[in-house]
Amino acid sequence: MTKPPRRIIAALAVTAAFGSSALLSACGSDSPSAATELNADLTDFVVKGDTTVLKAGDVTITGNNKGNETHELVLFKTDLEPDSLPVDEEGGVDEAGVGLTLVNEAEGIKPGKSKAFNATVTPGKYLLLCNTIENGKKHYMLGMYLPITVVA
């Protein structure tokens with residue numbers, strides 16, 4: 001059996017002593033770093049972000065529609081599991097549902113276009129999703145979401 005690299009052992013020791021936020025610092029460039037901007041590529045039907053870790057404070061989120069459908073991006077703060085959000089009678093996410101806090105959104109992002117929005121975020125779990133329902137396609141229900149973590 002091979003030994004794990006010393007860097008991993010050191011990072012695990014730091015985590016045990018100081019918690020997961022210390023792990024982000026201890027691992028350096030091998031771990032995700034907190035960003036203040038997120039660029040999300042929207043395809044039919046996936047949200048792919050260039051990061052999933054944001055720094056608390058003011059952030060900018062940009063949706064780049066690389067698909068053939070019109071999409072939107074909605075940011076919620078929530079502790080709910082990504083695939084179990086409350087839905088409305090049409091099958092879209094109930095944006096006023098229990099367990100969800102709507103932060104901000106960019107609607108009507110046409111194919112080949114981009115839209116951005118700013119938000120102020122605090123540490124916790126968030127979900128970035130497309131809540132478009134068009135031609136019988138419920139984008140969220142097709143898996144078009146991205147979990148985001150905000151750190152201090």
Rest of the hydrophobic cluster containing Tyr126 (Ile/Leu/Val/Met/Phe/Trp/Tyr, side-chain heavy atoms under 4.5 Å)?
Leu38, Leu42, Phe45, Val47, Leu54, Val59, Ile61, Leu73, Leu75, Val103, Ile109, Phe117, Val121, Leu128, Leu142, Met144, Leu146, Ile148, Val150
Between Pro82 and Pro147 the two heavy atoms that sit nearest each other are CG-CG, 3.9 Å
Check against side chain to side chain contact (heavy atoms under 4.5 Å, CB included), His71 and Asn65:
CA-CA 7 Å; His71 296 293; Asn65 190 344; 3.4 Å; yes
Rounded distance [0.5 Å steps], OG1 in Thr132 versus NZ in Lys137:
12.0 Å
For a side chain to side chain contact (heavy atoms under 4.5 Å, CB included) check, start with the C-alpha distance between His139 and Asn131, then their side-chain angles and the critical distance, and finish with the verdict.
CA-CA 6 Å; His139 297 201; Asn131 204 22; over 6 Å; no
Among Ile, Leu, Val, Met, Phe, Trp and Tyr joined by side-chain contacts under 4.5 Å, find the other residues sharing a cluster with Tyr145 and list them by chain and number.
Val74, Phe76, Leu80, Leu85, Val87, Val93, Leu100, Leu102, Leu127, Leu129, Tyr140, Met141
State, to 0.1 Å, how close Asp44 and Asn68 come at their nearest heavy-atom pair, and which atoms those are.
OD2-N, 2.7 Å
Nearest heavy-atom pair of Ile133 and Gly92: which atoms, and what distance?
CD1-N, 3.3 Å
So does Asn118 get a backbone contact from the side chain of Asn104, meaning a donor-acceptor N/O pair under 3.5 Å?
yes
Should Lys66 and Thr43 count as side-chain neighbours, where that means a heavy-atom distance under 4.5 Å?
yes
Between Glu72 and Gly108 the two heavy atoms that sit nearest each other are CB-N, 4.1 Å
Do side-chain atoms of Thr62 reach the backbone of Lys115 as a donor and acceptor pair under 3.5 angstrom?
no
What pair of heavy atoms forms the shortest contact from Gly97 to Pro86, and how long is it?
CA-CG, 3.9 Å
Set of side chain to side chain contact (heavy atoms under 4.5 Å, CB included) partners for Glu81, sequence neighbours left out
Asp83, Ser84, Lys125
Under the ring-ring contact (aromatic ring centres under 6.0 Å, His included) definition, can you give me all pairs with a residue in residues 86-113, not counting sequence neighbours?
none
Take atom NZ of Lys77 as the centre, draw a 6.0 Å sphere, and report whether it contains more than 12 heavy atoms from other residues, nucleotides or ligands.
yes
Do the charged groups of Asp41 and Lys48 touch, with an N to O distance under 4.0 Å?
no
Contacts of Lys110 that satisfy salt bridge (charged side-chain N to carboxylate O under 4.0 Å, His left out) - sequence neighbours left out
none
Could you grab the distance from atom CG of Asp88 to atom NZ of Lys138, nearest 0.5 Å is fine?
9.5 Å
How far apart are the C-alpha atoms of Glu95 and Glu105, what are their side-chain angles, what is the distance that settles it, and do they pass the side chain to side chain contact (heavy atoms under 4.5 Å, CB included) test?
CA-CA 11 Å; Glu95 296 184 4; Glu105 64 185 314; 3.9 Å; yes
Just to verify, what does Thr149 make a side chain to side chain contact (heavy atoms under 4.5 Å, CB included) with, not counting sequence neighbours?
Val151
